[in-house]
Number of protein chains: 2
Amino acid sequence: MAARPIRLIQYGLGPIGAATAALIRRRNGAELVGAIDIDPEKVGRDVGEILGTAPSGIEVVDRLAALPAEARPDVAIHTTASYFPAFASQIEELLDAGLDIVSSSEELSFPWIANPEQARTLDERAKERGRTVLGTGVNPGFIMDALPLTLTALCQETTRIEVRRSIDASLRRGPFQRKIGAGMTVADFEQRMVEGRMGHVGLPESMHMLFRGLGHEMTASASEVRPLVAEAEIVTDHVKVAPGEVRGLEQVLRGSSTGLEIELRFIASLGADEDGDRILIDGVPSLDVSLSGTNGDLATAAILLNAVPLVVEAAPGLTTMATLPIVHAW
Amino acid sequence: MAARPIRLIQYGLGPIGAATAALIRRRNGAELVGAIDIDPEKVGRDVGEILGTAPSGIEVVDRLAALPAEARPDVAIHTTASYFPAFASQIEELLDAGLDIVSSSEELSFPWIANPEQARTLDERAKERGRTVLGTGVNPGFIMDALPLTLTALCQETTRIEVRRSIDASLRRGPFQRKIGAGMTVADFEQRMVEGRMGHVGLPESMHMLFRGLGHEMTASASEVRPLVAEAEIVTDHVKVAPGEVRGLEQVLRGSSTGLEIELRFIASLGADEDGDRILIDGVPSLDVSLSGTNGDLATAAILLNAVPLVVEAAPGLTTMATLPIVHAW
């Protein structure tokens with residue numbers, strides 16, 4: 001870790017980006033030196049105003065090129081979009097500017113199988129520039145991939161991994177509640193699912209990280225998603241759900257290879273019965289691990305910033321949580 | 001990871017060493033090429049005989065120099081002794097022979113604070129030889145150190161870590177049951193504790209890995225140990241405990257620094273009420289994690305062998321679980 005503070009820019013000031021920027025400002029050894037967002041309501045304002053904290057002297061700009069010369073950032077924390085077509089050029093631009101990058105983009109968390117060409121292109125660009133790119137987050141990035149992989153350290157044999165993540169979305173931010181379909185009719189939900197515009201992004205990336213990390217090639221997979229329907233009216237700060245409308249969803253991805261089965265189950269709804277994660281590993285020995293407290297933007301902002309010192313030290317290229325040393329509180 | 005199998009020797013054929021040797025023989029990509037033990041009852045016998053498996057063609061020898069020339073090992077798995085005075089010369093000898101080393105020696109798991117001079121000496125020797133040394137295991141090495149450290153990836157702030165490991169020793173091997181005092185009188189237990197010859201080894205190492213990993217200097221610590229006494233007779237395959245005699249123990253180590261408290265609690269007894277681990281992290285967010293299935297020699301053998309490919313790839317020197325990439329099933 002550098003003796004001088006690591007100079008960071010926050011690229012994207014949505015709820016996660018804002019939480020991360022606020023955390024950067026509190027963290028010893030880190031300095032927020034710039035903030036980028038395309039939202040005209042944010043551009044030109046002091047970032048402290050947007051975070052609801054003390055003035056920062058940092059004015060939000062609408063693009064990387066508009067950062068003041070004195071910013072001289074080392075690292076970008078990038079929190080804009082989930083899919084390669086939307087974020088790839090942003091990552092390239094950050095690399096060309098000589099920055100290491102920690103991104104919350106779900107497709108970046110383990111892109112080698114689902115988006116191999118895009119992954120190779122970014123990897124080459126990062127190596128040319130001598131910089132490192134990591135996609136991480138709570139999920140994908142930890143609960144359904146890096147953590148189960150870590151737990152298999154205790155196993156002589158691993159034949160099945162099941163991860164079940166249940167989220168009570170009632171207290172989550174509006175975009176999250178809408179992303180899980182809360183307040184939609186079932187017909188709308190199913191239409192938007194067909195269009196691929198809904199639900200949790202990242203189950204395939206988590207699954208690929210597990211299979212590849214354990215030295216397996218996935219040979220078959222199947223996914224399903226179903227809406228969870230409200231029996232009574234549910235009202236949150238962000239949505240209103242009538243009886244019979246959607247209050248959330250359940251997504252399952254199953255994969256198999258010779259000798260290993262993996263099932264990843266993501267459940268998020270308003271008024272959920274459960275809130276927590278369970279990781280079951282069938283093997284020698286078998287393990288049963290339960291977690292609570294992992295739900296929320298606090299943890300996402302934490303893991304993005306906690307990864308920074310390791311990304312600064314890492315070899316150039318596109319890396320993943322499976323190959324970095326242990327990411328931990330900084 | 002090398003394309004050809006990694007050639008391993010097993011140094012120490014006690015219960016853990018034997019379990020590890022058996023695992024090496026089953027693992028694709030690994031080859032057992034030698035076995036060392038000082039026990040005259042083992043020396044000269046085929047290692048398969050000692051493991052209760054098929055003949056291996058490998059004869060147990062009593063020292064490193066007695067390995068046949070064709071062994072040409074890459075890595076030693078070392079499972080002999082807990083304390084530096086007993087194991088340091090063995091590690092040096094293995095380094096001088098040009099081997100990477102994964103050891104179960106508890107004091108080696110994070111020796112930088114508790115045994116700084118010995119750690120420096122081994123680190124220098126390993127660097128001179130261009131080889132890597134890792135001390136690991138389930139505990140120390142994972143449950144009370146590397147895993148809690150990994151979990152703090154999700155935390156913006158961490159103010160307290162509590163790990164509680166409860167082991168039902170009824171089904172464990174004899175040396176383990178004796179190590180926790182089972183079958184002793186309370187007076188004997190206390191006498192042997194004073195002499196430092198009993199109990200779990202490794203709580204300080206786990207604690208130092210956590211403080212150091214989180215960037216803290218521990219400024220105060222306190223430990224306590226108490227015998228757990230049998231109310232009724234307990235008989236296992238290895239010991240017999242009369243009412244009023246010791247059936248196990250509870251050890252606690254507490255440490256603090258400015259802003260961080262850590263409590264590590266190890267409970268092992270015959271007829272325990274609990275068998276599992278709990279990790280509580282107070283922070284932003286707070287986490288509550290429970291594990292079961294981590295108790296036993298299966299997991300210890302697993303983590304020793306699972307660490308091998310990473311140790312082969314690691315930079316020379318004395319490394320720890322806090323700085324290696326994720327160890328996972330191989």
Side-chain angles (χ1 to χ4, degrees), chain A residues 1 19-20 22-23 26-29 136 138 141-143 146-158 210 213-215 260 276-277 279-281 283-296 298-303 305-307 321-330, chain B residues 1 19-20 22-23 26-29 136 138 141-143 146-158 210 213-215 260 276-277 279-281 283-296 298-303 305-307 321-330:
Chain A
M1 203 181 305
T20 309
L23 181 58
R26 290 197 301 273
R27 183 67 54 101
N28 286 331
T136 191
V138 176
F142 196 78
I143 294 293
L147 183 58
L149 200 58
T150 299
L151 292 166
T152 67
L154 301 181
C155 298
Q156 297 192 2
E157 316 287 340
T158 305
L210 287 173
L214 294 171
L260 179 63
D277 314 296
I279 301 170
L280 296 165
I281 299 178
V284 181
S286 292
L287 305 176
D288 183 345
V289 179
S290 299
L291 299 96
S292 72
T294 66
N295 170 12
L298 292 173
T300 305
I303 197 167
L305 186 56
N306 286 335
M321 293 292 282
T323 44
L324 275 188
I326 288 180
V327 172
H328 55 73
W330 169 21
Chain B
M1 205 181 305
T20 309
L23 181 59
R26 291 198 300 275
R27 183 66 55 99
N28 287 331
T136 190
V138 176
F142 196 78
I143 294 292
L147 182 58
L149 200 58
T150 299
L151 292 167
T152 67
L154 301 182
C155 298
Q156 298 192 1
E157 316 287 340
T158 305
L210 288 172
L214 294 170
L260 179 63
D277 313 295
I279 301 170
L280 295 164
I281 299 178
V284 180
S286 292
L287 305 176
D288 183 346
V289 178
S290 299
L291 299 96
S292 72
T294 65
N295 171 11
L298 292 173
T300 305
I303 197 168
L305 186 56
N306 286 335
M321 293 292 281
T323 44
L324 276 188
I326 288 180
V327 172
H328 54 73
W330 170 20

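All values derive from a computational prediction rather than experimental measurement. Below, chain A is the first sequence line, B the second, and so on; all start at residue 1.
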Could you tell me which of B:Leu147, B:Leu324, B:Thr323, B:Ile326 has the largest number of non-hydrogen atom pairs under 4.5 Å with chain A?
B:Ile326
Could you check which of B:Pro148, B:Gly29, B:Cys155 has the highest count of heavy-atom pairs closer than 4.5 Å to chain A?
B:Cys155
Option that, when pairs with chain B are counted at under 4.5 Å, heavy atom only, ranks first among A:Gly293, A:Ser290, A:Gly283
A:Ser290
Quick one: of A:Ser286, A:Ala146, A:Ala299, who has the most non-hydrogen atom pairs under 4.5 Å with chain B?
A:Ala299
Pairwise distance CD1(A:Ile279) to CG(B:Leu291) - rounded to 0.5 angstrom
8.5 Å
Heavy-atom side-chain proximity of B:Leu151 to A:Phe142 below 4.5 angstrom:
yes
pair B:Leu154-A:Asn306: side-chain heavy atoms closer than 4.5 Å:
no
Check: A:Ser292 main-chain N/O paired with B:Asp288 side-chain donor or acceptor under 3.5 Å
no
Under the 3.5 angstrom rule, does the side chain of B:Gln156 hit a backbone N or O of A:Leu298 as a donor-acceptor pair?
yes
In terms of heavy-atom proximity below 4.5 Å to chain B, should A:Ile143 be classed as side chain, backbone, both, or neither?
side chain
